[in-house]
Colleague: 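One structure coming up, written as structure tokens, with questions to follow.
Letters A, B, ... are given to chains in the order of the sequence lines, protein chains preceding strands, and every chain is numbered from 1. Worth knowing before you read on, the calculation uses all heavy atoms, side chains too, and leaves out hydrogens, waters and symmetry mates.
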Protein chains: 2
Amino acid sequence: MRIEDEIKQKKFKSEYQKMYINLVYTANRLNTQQMRMFKEFGLSVQQYNILRILRGQVPTAINLGLIQDRMLDKNSNASRLIEKLKIKKLVERKESKIDRRQVDIMITEKGLDLLKKMDGKVEEAELIDSNLTKQEAETLSDLLDKLRG
Amino acid sequence: MRIEDEIKQKKFKSEYQKMYINLVYTANRLNTQQMRMFKEFGLSVQQYNILRILRGQVPTAINLGLIQDRMLDKNSNASRLIEKLKIKKLVERKESKIDRRQVDIMITEKGLDLLKKMDGKVEEAELIDSNLTKQEAETLSDLLDKLRG
DNA sequence: TTAATTTATTTGTACTAACATATAATACAA
DNA sequence: TTGTATTATATGTTAGTACAAATAAATTAA
């Protein structure tokens with residue numbers, strides 16, 4: 001369905017504005033879908049995001065600042081998110097030996113198991129939701145890069 | 001900057017996943033920018049969104065359900081957002097004559113003035129932020145429509 | 001017409017985000 | 001070295017989101 005119909009707005013000030021609104025609207029929808037999927041597994045979108053980042057680093061521990069750099073939502077509070085994950089025993093946290101201000105974080109076996117359980121579903125959702133060809137996905141990605149400048 | 005560099009992730013499982021991540025990341029950034037801009041004027045993104053919808057209806061009042069339909073973020077709580085706008089005297093709320101369950105909402109003069117003051121800045125931000133040609137903006141919008149299915 | 005169902009809106013609650021400030025460790029300069 | 005600035009993380013606060021449940025009016029069916 002075209003964005004005009006989704007939000008029942010016929011006219012836009014410009015192509016830019018239309019694209020802009022379309023982008024925000026689409027991302028909101030994807031985000032809501034993701035949230036609902038992750039909820040089954042007891043995770044928020046950002047918690048999942050952090051676990052994925054940590055898995056990419058195994059077997060190395062990574063400090064909180066680096067996690068924040070890699071997060072999709074730079075504004076979410078990594079410190080508190082990690083705390084939640086620790087309570088669920090999905091990550092471990094320990095003081096860095098080099099710099100005592102830093103906290104090194106590592107995903108646990110339990111965390112890895114959870115991600116493994118989720119992988120299939122996540123990939124499926126990403127693929128099914130995306131009604132694009134591989135080429136179109138590439139073009140879209142390139143345009144987004146260009147948009148951000 | 002390419003998404004790989006933005007989030008320091010070299011590999012993606014697929015073009016789909018990369019596009020997906022890029023979309024969420026880009027929308028988050030736009031959203032943060034918008035939020036900061038609107039804050040100057042004492043509005044949240046969704047409050048602004050509602051005012052814009054109401055301006056589109058002038059001089060007709062529109063009920064809460066219709067506003068919700070047109071909102072970019074369907075999850076935000078229109079009822080409470082309207083309450084905030086009413087406190088600032090940017091909108092008026094009155095019981096519908098046809099159906100007493102419904103609440104008709106209309107933007108006030110003060111609301112229209114505020115939007116007018118904001119128009120220039122908003123448009124400027126949309127244009128400057130977007131490093132795309134008109135044609136590219138159109139393609140991007142079409143791909144997003146297709147993505148949502 | 002009365003009871004049951006549906007619809008529109010509000011409200012309660014828990015959780016997350018946004019942002020400022022605090023705390024503590026390290027680096028750097030005088 | 002000693003004070004000052006900087007950096008890493010944590011925490012307090014306010015507002016917004018997600019979703020369920022409450023309320024109340026309108027619609028439909030018996």
Colleague: Please determine, for the side chain of B/Ser79, which listed nucleotide (C/dT11, D/dA10, C/dA17) has the closest atom?
Modeller: C/dT11
Colleague: Taking atom C1' of D/dA15 as reference, at what distance in whole Å does atom CZ of B/Phe38 sit?
Modeller: 17 Å
Colleague: Could you say whether A/Asp73 or A/Lys97 is positioned toward the 5' end of DNA chain C, judged by the nucleotide with the nearest heavy atom to each?
Modeller: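 Nearest-nucleotide comparison on DNA chain C picks A/Asp73.
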Colleague: CG of A/Asn31 versus C1' of D/dT17: gap in Å, rounded?
Modeller: 11 Å
Colleague: Check whether any side-chain nitrogen or oxygen of B/Lys39 sits under 4.0 Å from OP1 or OP2 of D/dA15, and answer yes or no.
Modeller: no
Colleague: May I ask you to say whether B/Lys13 pairs ionically with A/Glu126, meaning some side-chain N is under 4.0 Å from a carboxylate O?
Modeller: no
Colleague: Round to the nearest Å and state the distance from A/Glu95 atom CD to C/dA24 atom P.
Modeller: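 Distance check: A/Glu95 CD to C/dA24 P gives 13 Å.
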Colleague: Just checking, is any N or O donor in the side chain of A/Thr32 or A/Asn28 under 3.5 Å from an acceptor N or O on the other one?
Modeller: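 No, no side-chain donor-acceptor pair sits under 3.5 Å.
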Colleague: Within the 4.0 Å heavy-atom criterion, would you say A/Gln68 contacts the bases, only the backbone, or no part of the nucleic acid?
Modeller: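 Nothing, no nucleic acid heavy atom in range.
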Colleague: Using atom CZ of B/Arg93 as one end and atom C1' of C/dA8 as the other, report the distance to the nearest whole Å.
Modeller: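 Going from B/Arg93 (CZ) to C/dA8 (C1'), I get 14 Å.
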Colleague: Would you say A/Lys84 reaches C/dT16's phosphate, i.e. side-chain N/O to OP1/OP2 under 4.0 Å?
Modeller: yes
Colleague: Is it true that atom NZ of A/Lys88 has more than 12 heavy atoms of other residues, nucleotides or ligands lying nearer than 6.0 Å?
Modeller: yes
Colleague: Would you say D/dA24 has OP1 or OP2 under 4.0 Å from some side-chain N or O of B/Gln102?
Modeller: no
Colleague: B/Tyr48 has an atom OH; how far is it from atom P of D/dG16, in whole Å?
Modeller: 17 Å
Colleague: Rounded to the nearest angstrom, tell me the gap between atom CG in B/Asp69 and atom C1' in C/dA8.
Modeller: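 It is 12 Å, rounded to the nearest whole Å.
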Colleague: Would you mind reading off the distance between B/Gln34 atom CD and D/dG16 atom C1', rounded to a whole angstrom?
Modeller: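 Whole-Å distance recorded here is 16 Å.
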Colleague: Within a reach of under 6.0 Å around NZ of A/Lys121, are more than 12 heavy atoms found that belong to other residues, nucleotides or ligands?
Modeller: no
Colleague: Calculate the interatomic distance between B/Leu81 atom CG and C/dT10 atom P; express it in whole Å.
Modeller: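 Rounded to whole Å, this separation is 12 Å.
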Colleague: So A/Gln46, base contact, sugar-phosphate only, or nothing? Heavy-atom distance under 4.0 Å.
Modeller: sugar-phosphate
Colleague: Salt bridge check, A/Arg148 against A/Asp145: does any charged N sit closer than 4.0 Å to a carboxylate O?
Modeller: yes
Colleague: Hey, which sits more toward the 5' end of DNA chain D by its nearest nucleotide, A/Arg80 or B/Ser44?
Modeller: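 Comparing both residues, the 5'-ward one is A/Arg80.
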Colleague: In terms of side-chain geometry, is the basic nitrogen of A/Arg93 or A/Glu83 positioned less than 4.0 Å from the acidic oxygen of its partner?
Modeller: yes
Colleague: If the cut-off is 4.0 Å, is A/Arg36 near the phosphate of D/dC19, judged by side-chain N/O to OP1 or OP2?
Modeller: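 Affirmative; the distance criterion is met.
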Colleague: So, does the side chain of A/Arg101 form a donor-acceptor pair with the base of D/dT9 at under 3.5 Å?
Modeller: no
Colleague: If only side-chain N and O atoms of B/Arg100 are considered, is one of them under 4.0 Å from the OP1 or OP2 phosphate oxygen of C/dA8?
Modeller: no
Colleague: On the nucleotide D/dG16, are OP1 or OP2 found under 4.0 Å from the side-chain N or O atoms that B/Asn77 carries?
Modeller: no
Colleague: OP1 or OP2 of D/dT17 less than 4.0 angstrom from a side-chain nitrogen or oxygen of B/Asn75, does that happen here?
Modeller: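 Indeed not, no polar side-chain atom of B/Asn75 lies that close.
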